[in-house]
Structures are given as structure tokens and as C-alpha cells.
Protein chains: 2
Amino acid sequence: MSADQNVAQRNTKQRSAVSAVLSEAEGFYSAQELHARLRERGERVGLTTVYRTLQGLADAGEIDVMRPPGGEHLYRRCSQGHHHHLVCRECGRAVEVEGPAVESWAEKVASRHGYVNVSHTMEIFGTCPDCATNPSNHPGHRP
Amino acid sequence: MSADQNVAQRNTKQRSAVSAVLSEAEGFYSAQELHARLRERGERVGLTTVYRTLQGLADAGEIDVMRPPGGEHLYRRCSQGHHHHLVCRECGRAVEVEGPAVESWAEKVASRHGYVNVSHTMEIFGTCPDCATNPSNHPGHRP
DNA sequence: CTGACAATGATAATGATTGTCAAAAACGCA
DNA sequence: TGCGTTTTTGACAATCATTATCATTGTCAG
Ligand SMILES: [Zn+2]
Ligand SMILES: [Zn+2]
Ligand SMILES: [Zn+2]
Ligand SMILES: [Zn+2]
């Protein structure tokens with residue numbers, strides 16, 4: 001039995017602020033972007049705390065983390081359960097997608113080769129309709 | 001027309017050495033691991049050059065790059081063409097796999113949401129038969 | 001053989017993330 | 001409401017993979 005329930009979890013305005021700014025975001029954002037957004041809004045939260053809070057939320061499975069090639073980690077509040085993402089590489093807007101066929105395919109491929117304890121990662125990238133229409137003109141989003 | 005063919009490409013022993021050590025590897029290895037292996041072998045190649053060569057090979061599509069969570073980039077010589085990997089998270093041994101169903105599924109999902117210029121990433125992780133049998137005892141591989 | 005220019009590599013710089021630790025904030029309890 | 005304990009915060013330093021510098025060396029076409 002894991003002794004996770006008896007450790008105190010305290011409510012702080014910093015954690016609420018990070019959680020709130022995450023809930024409003026429609027796409028994936030980096031710790032630094034979220035920190036900047038908090039400062040603009042007048043919330044006073046240290047960058048270290050932003051990193052810590054995001055890591056905690058990620059460990060708790062409340063947010064998803066993505067590591068785009070050559071960039072910082074990006075975070076987003078998602079629905080629970082296993083899913084993947086269709087992400088706009090211009091503005092970061094993301095759609096959650098499910099693919100039962102993919103899941104079973106991965107399992108089958110792995111077991112065919114004798115691999116056990118299988119997991120997988122999958123992300124789809126593209127240009128969203130908005131960014132395809134008016135390129136590189138999305139305030140508040142990643143250029 | 002791309003002006004890539006008129007830039008001189010010179011043959012050096014360093015590049016040959018990196019290319020050779022990559023050809024012998026059965027799994028994914030980091031730049032630092034490859035550099036260490038070269039030194040053991042007596043080849044004198046600077047770490048900077050290892051990085052540069054790997055990047056060049058990756059740009060040329062001759063090797064694949066993988067970015068495991070929280071670790072360094074891993075490189076491996078693979079077959080040409082689009083494929084994915086079934087990787088042992090103990091020893092790094094990798095099997096190339098193809099999944100036409102996955103490819104078409106990704107395309108379909110993306111176009112359904114109006115996304116264009118679509119690409120994707122996918123990796124399957126697991127424990128290979130060898131590592132499942134005798135755990136954490138693979139000389140020459142990642143522990 | 002030679003000269004122009006690509007390649008090398010020791011070193012410094014970068015930049016995101018994590019570690020540190022004194023000070024501040026929460027909260028159970030009196 | 002006040003207190004003491006324990007967690008949390010955050011400015012700052014440390015880490016560490018990767019990249020940029022740039023003087024020196026190696027290639028190779030002519
Ligand atoms: Zn977009
Ligand atoms: Zn999946
Ligand atoms: Zn293995
Ligand atoms: Zn694919």
C-alpha cells in the first residue's frame with residue numbers, strides 16, 4: 001500500500017494560479033510561457049514554482065507533457081485516460097484523439113517480437129485550419 | 001533546384017570512424033556513448049565532431065534520432081524510408097516496424113480536423129526477451 | 001605541389017531544468 | 001485568534017546536453 005494519502009497537500013494561491021492559467025489555455029505551452037502569462041496577469045509566481053507545480057500535476061496525471069524536437073517541454077490540461085494529440089505546429093492548438101486500432105496494433109507488434117511491459121508514444125503534427133488561412137498571425141500563441 | 005550538390009563534402013577519418021561505429025551498433029546510443037566507444041577503440045575524434053557528424057547524418061536521413069524522456073538524444077543507423085521503432089528500454093535494442101494502418105489513420109484523423117501538412121511520431125517501448133530473462137546484465141548496452 | 005576552403009576540436013557559451021536553503025505561508029489545534 | 005509545526009516558496013546557483021567560437025589542421029581540385 002502506498003503512503004501517499006497521509007502527506008499533507010496545502011492549498012496555495014500559486015498553485016491555484018498555475019492551475020487556472022492552464023485551464024484557460026487551448027494549446028500546449030511551456031513553463032516559461034505560462035510563467036510570463038501569469039506575470040502579465042499580475043499574479044506573482046516564481047518560475048521555480050511553476051516548474052514544480054507542472055511536474056506535480058504531470059505526475060498526478062492531470063496534465064500532459066510533450067517534448068517537441070529541439071524545444072522546451074510543453075504542458076496542457078487534458079482529459080483523463082489514454083489519448084494522443086493532433087497538434088498545430090504553428091500555434092500549439094491541440095485536439096485530443098483516440099485510436100483503438102493504434103493501441104492494439106502497438107500491442108500486437110510488441111508481443112510478436114517478444115517484448116513485454118509495453119507502452120508507446122504518438123503525436124500527430126500539422127497546420128491547423130486557422131494557421132493555414134492567415135499564416136503566422138496568432139496573438140497569444142506560438143509563432 | 002537545391003544548391004546542395006555544389007558544396008564540397010570532404011572525406012575525413014573522423015567521419016568514417018563515427019559512421020563505422022554506428023554501423024556496428026545494434027541499438028540506439030547517445031553521442032557521448034559513441035564518443036566513448038571511439039576512444040576505447042583508439043580512434044581520436046572530438047566530441048564536437050561526433051555531435052556534428054551525427055547531426056549531418058540525421059539531416060541526410062541516414063540515421064534516426066530518438067529523444068527519450070529526460071535523457072540525451074539517441075542515434076541509430078536505420079533503413080531508409082518511413083518506419084517506427086520497438087525499443088527495449090533496458091538495453092536500447094531496437095526493431096524497425098512498419099504500420100501502414102497507423103500511417104493512414106494519422107492522415108485521416110488530421111484531415112478530419114482540417115489540419116494540413118501532416119507528420120507524426122510514434123515509438124513503442126518495452127522490455128526485450130533478453131532483458132526480461134536476465135535483468136540488468138547486458139554488457140555494452142544501456143543499463 | 002599548393003592554395004582555397006571545409007573540417008576539426010579545445011574551449012566557452014547557451015539555455016532549459018533542477019538543487020539549495022532561508023524566509024514566508026498554511027493549517028491543525030489550543 | 002494566536003502558535004508551532006511542516007510545507008511551500010523563490011531568488012540564486014548548479015547541472016548538463018548541446019551549440020557557437022575560432023585558431024589550427026586536413027582535403028583535394030587544379
Ligand atoms: Zn494553428
Ligand atoms: Zn495510444
Ligand atoms: Zn533489452
Ligand atoms: Zn508512421
Side-chain angles (χ1 to χ4, degrees), chain A residues 3-22 28-60 62-76 92 142, chain B residues 3-22 28-60 62-76 92 142:
Chain A
D4 286 334
Q5 219 52 38
N6 52 5
V7 298
Q9 262 294 56
R10 294 182 180 176
N11 285 350
T12 67
K13 59 193 63 166
Q14 289 90 341
R15 264 203 270 260
S16 305
V18 172
S19 199
V21 77
L22 264 174
F28 280 87
Y29 291 94
S30 72
Q32 317 237 18
E33 286 171 323
L34 294 168
H35 176 248
R37 187 163 295 199
L38 285 169
R39 300 210 88 252
E40 290 172 13
R41 184 183 298 200
E43 312 272 5
R44 190 141 313 259
V45 183
L47 179 58
T48 307
T49 299
V50 175
Y51 271 109
R52 254 191 311 242
T53 305
L54 290 172
Q55 189 165 292
L57 289 171
D59 289 347
E62 286 196 46
I63 63 175
D64 283 3
V65 189
M66 175 186 308
R67 318 170 215 294
E72 323 101 286
H73 296 181
L74 304 179
Y75 305 88
R76 185 196 191 223
R142 201 180 336 286
Chain B
D4 288 334
Q5 220 51 40
N6 52 4
V7 298
Q9 262 293 59
R10 295 183 180 174
N11 285 351
T12 68
K13 61 193 61 165
Q14 288 90 341
R15 238 171 260 185
S16 306
V18 172
S19 200
V21 78
L22 263 175
F28 279 88
Y29 292 93
S30 71
Q32 317 238 16
E33 286 171 323
L34 294 168
H35 176 249
R37 187 164 295 200
L38 285 169
R39 300 211 87 248
E40 290 172 13
R41 184 183 299 201
E43 312 274 4
R44 191 140 313 257
V45 183
L47 180 56
T48 306
T49 298
V50 174
Y51 272 108
R52 254 191 309 241
T53 304
L54 290 172
Q55 190 166 290
L57 290 170
D59 290 346
E62 287 196 45
I63 63 176
D64 282 4
V65 189
M66 177 184 308
R67 315 170 215 297
E72 322 101 287
H73 296 180
L74 303 179
Y75 304 87
R76 185 197 192 222
R142 200 179 335 287

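Since the structure is predicted, the reported quantities are computational estimates derived from the model, not experimental observations.
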J.: State, to 0.1 Å, how close A/Ala17 and A/Val45 come at their nearest heavy-atom pair, and which atoms those are.
T.: CB-CG2, 4.3 Å

J.: Please report the shortest heavy-atom distance between A/Phe28 and A/Asp64, naming the atom on each side.
T.: CE2-O, 3.9 Å

J.: In whole angstrom, what separates A/Gln32's CD from C/dT17's P?
T.: 7 Å

J.: Which whole-number value in Å describes the distance from B/Arg15 CZ to C/dA7 C1'?
T.: 7 Å

J.: C/dT8 P sits how many Å from B/Gln14 CD, rounded?
T.: 5 Å

J.: For DNA chain D, whose closest nucleotide is more 5', that of A/Arg10 or that of B/Gly71?
T.: A/Arg10

J.: With heavy atoms under 4.0 Å as the rule, sort A/Arg67 into base, sugar-phosphate or nothing.
T.: nothing

J.: Provide, to the nearest angstrom, the distance between the CZ atom belonging to A/Arg44 and the P atom belonging to C/dA24.
T.: 16 Å

J.: Taking only side-chain N and O atoms of A/Gln55, does any of them lie within less than 4.0 angstrom of OP1 or OP2 on C/dT18?
T.: yes

J.: Anything under 4.0 Å to a heavy atom of chain A counts; send over the first and last such nucleotide of DNA chain D, read 5' to 3'.
T.: D/dT6 to D/dC12

J.: Is the backbone N or O of A/Thr49 less than 3.5 Å from a side-chain atom of A/Thr53, with the two atoms forming a donor-acceptor pair by type?
T.: yes

J.: One pair to check against side-chain contact (heavy atoms from CB on, under 4.5 Å): B/Tyr51 and B/Gln32. What are the steps and the verdict?
T.: CA-CA 9 Å; B/Tyr51 272 108; B/Gln32 317 238 16; 3.5 Å; yes

J.: Specify the residues of residues 45-54 of chain A, ordered by number, for which at least one heavy atom lies under 4.0 angstrom from an atom of DNA chain D.
T.: A/Val45, A/Gly46, A/Thr48, A/Thr49, A/Arg52

J.: For B/Tyr29, does the six-membered ring have the charged nitrogen or CZ of B/Arg37 within the cation-pi criterion, i.e. under 6.0 angstrom from the centroid and within 45° of the normal?
T.: yes

J.: Considering only side-chain heavy atoms of A/Glu72, which listed nucleotide, C/dG9, C/dA26, C/dT17, is closest?
T.: C/dT17

